[in-house]
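Have a look at the structure below before the remarks.
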Amino acid sequence: MRPEWPHGERFAHHLMDDAATITDAELEALLGYEWRSRLTAAWLIGVDRRERFRERIGDLLLASEVCFSGSAYCFALARFGTHADAEILTAYLDHYLPRTDLRYDQPAALGALLRLDAHLGTHHADRFTQPDGLWDQWVDALAHLRDHPAYTPVERRRSTDLQCEFANGWTRP
């Protein structure tokens, strides 16, 4: 996603080709393994917008069984871009934001939900991002995150926008 990376274009072409050619059975198999394979599968699902995986992605996100892959689930949901995806992200945030002791994929989920709100004309994220709301409480639970620019709602949305725009720039119509 960094324009200055000399291999970016080649990587993007490979990613696009792989997303278009991998079978649903192969994706299901990847979703059944550890975090790296799940992260890869979710990115391929998101790039190719395979909405038939929505329920599976949502179940995996809400279960939060393994580390690191949840951000890719959020990316896929943001790419699908529907009200159903916003509902999944809202359910995740309802469950995990009150748990200030758990540091899972709350930032990615909020960024994806904010993107969906902007594209759908909805306001699902408003109740999480109101001053002193659940987002602020979750961020403030760790002193080193307080006032950290990467944890503002604006930055979370920007991060998701970058990922989605990267995929939009290389995905076949």
Side-chain angles (χ1 to χ4, degrees), residues 1-93 96 103-122 124-125 149-151 153-173:
M1 290 188 298
R2 287 183 244 148
E4 71 276 4
W5 189 48
H7 307 289
E9 186 172 342
R10 188 178 68 170
F11 172 80
H13 284 293
H14 286 293
L15 178 64
M16 183 176 61
D17 291 343
D18 291 344
T21 59
I22 192 168
T23 68
D24 286 355
E26 291 168 328
L27 288 168
E28 273 298 336
L30 287 172
L31 290 172
Y33 296 117
E34 42 71 60
W35 70 268
R36 287 175 190 89
S37 61
R38 290 181 184 193
L39 184 144
T40 301
W43 262 89
L44 294 171
I45 288 166
V47 166
D48 204 44
R49 287 192 174 116
R50 294 202 196 179
E51 293 185 35
R52 59 191 161 275
F53 282 94
R54 175 181 289 111
E55 185 176 338
R56 179 85 162 106
I57 292 288
D59 290 346
L60 290 169
L61 177 64
L62 289 168
S64 290
E65 298 171 329
V66 296
C67 59
F68 305 119
S69 56
S71 62
Y73 305 150
C74 294
F75 163 75
L77 295 170
R79 287 278 291 163
F80 298 160
T82 70
H83 292 281
D85 306 303
E87 289 174 15
I88 293 168
L89 293 162
T90 298
Y92 176 85
L93 291 168
Y96 287 104
R103 300 309 206 184
Y104 292 162
D105 300 292
Q106 292 91 328
L110 182 66
L113 186 58
L114 287 164
R115 179 179 175 85
L116 290 177
D117 276 349
H119 287 278
L120 298 171
T122 55
H124 298 287
Y151 287 89
V154 169
E155 183 57 28
R156 298 316 325 143
R157 164 128 188 251
R158 190 187 76 74
S159 178
T160 301
D161 285 346
L162 281 174
Q163 292 174 342
C164 290
E165 294 309 317
F166 170 80
N168 289 346
W170 294 102
T171 305
R172 292 182 180 108

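All heavy atoms count here, side chains included; hydrogens, waters and symmetry mates do not. By convention here, the first residue in the shown sequence is residue 1.
Closest approach of R38 and S69 over heavy atoms only: CB-CB, 3.8 Å. Here the closest heavy-atom approach between residue L31 and residue R56 is recorded as O-NH2, 3.5 Å. Pairing each heavy atom of L93 with each of A109, the nearest pair is CD2-CB, 3.8 Å. T82 and E51 make their closest contact through CG2-OE1, 4.1 Å (heavy atoms, listed as atom of the first residue, atom of the second, distance). Considering every non-hydrogen atom in both Y96 and L62, the closest pair reads OH-O, 2.8 Å. Across all their heavy atoms, L120 and G81 have their closest contact at CD2-O, 3.4 Å.
A donor and an acceptor atom, one from each side chain of T90 and E87, are nowhere located under 3.5 Å apart. Checked by atom type, the side-chain pair S37/E34 shows a donor-acceptor distance below 3.5 Å. S71 and D105 share no side-chain donor-acceptor pair at under 3.5 Å.
Taking OG from S159 and CG from L110, the interatomic distance works out to 11.0 Å, rounded to the nearest 0.5 Å. Here the straight-line distance linking atom CG of L30 with atom OH of Y33 works out to 7.5 Å at 0.5 Å rounding. Note: I88 CD1 to R54 CZ = 6.5 Å, rounded to the nearest 0.5 Å. Summarising the geometry, atom OG1 belonging to T122 is positioned 6.5 Å from atom NE2 belonging to H83; distances are rounded to the nearest 0.5 Å. Between the OG1 atom in T160 and the CG atom in L114 there is a gap of 8.0 Å [rounded to 0.5 Å]. Note that the CZ atom of R115 and the SG atom of C74 stand 13.5 Å from one another [nearest 0.5 Å].
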Evaluate the side-chain contact (heavy atoms from CB on, under 4.5 Å) criterion for residues L116 and H124: first the C-alpha distance (whole Å), next the side-chain angles of each, then the deciding distance (0.1 Å), finally the verdict.
CA-CA 9 Å; L116 290 177; H124 298 287; over 6 Å; no

Test side-chain contact (heavy atoms from CB on, under 4.5 Å) applied to D85 and L113, step by step
CA-CA 8 Å; D85 306 303; L113 186 58; over 6 Å; no

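Evaluation of the ring-ring contact (aromatic ring centres under 6.0 Å, His included) test over residues 44-74, restricted to residues two or more places apart or in two chains, returns W35-F68.
Considering only heavy atoms from C-beta on, L61 comes within 4.5 Å of L77 through its side chain. A heavy-atom distance below 4.5 Å is not found between the side chains of D18 and D48.
One N or O on the side chain of D117 and one on the backbone of A125 form a donor-acceptor pair closer than 3.5 Å. Using a distance-only test at 3.5 Å, with no hydrogens or angles considered, no donor-acceptor pair links the side chain of E165 to the main chain of L162. Side-chain atoms of Q106 come within 3.5 Å of backbone N or O of Y104 as a donor-acceptor pair. At least one donor-acceptor pair closer than 3.5 Å links the side chain of R79 to the backbone N or O of G46.
Taking the six-membered ring where tryptophan is involved, the planes of F75 and W43 are essentially parallel, since the angle between them stays under 30° and well short of 60°.
Counting heavy atoms of neighbouring residues, nucleotides and ligands inside a 6.0 Å radius, atom CD of E155 exceeds 12 of them.
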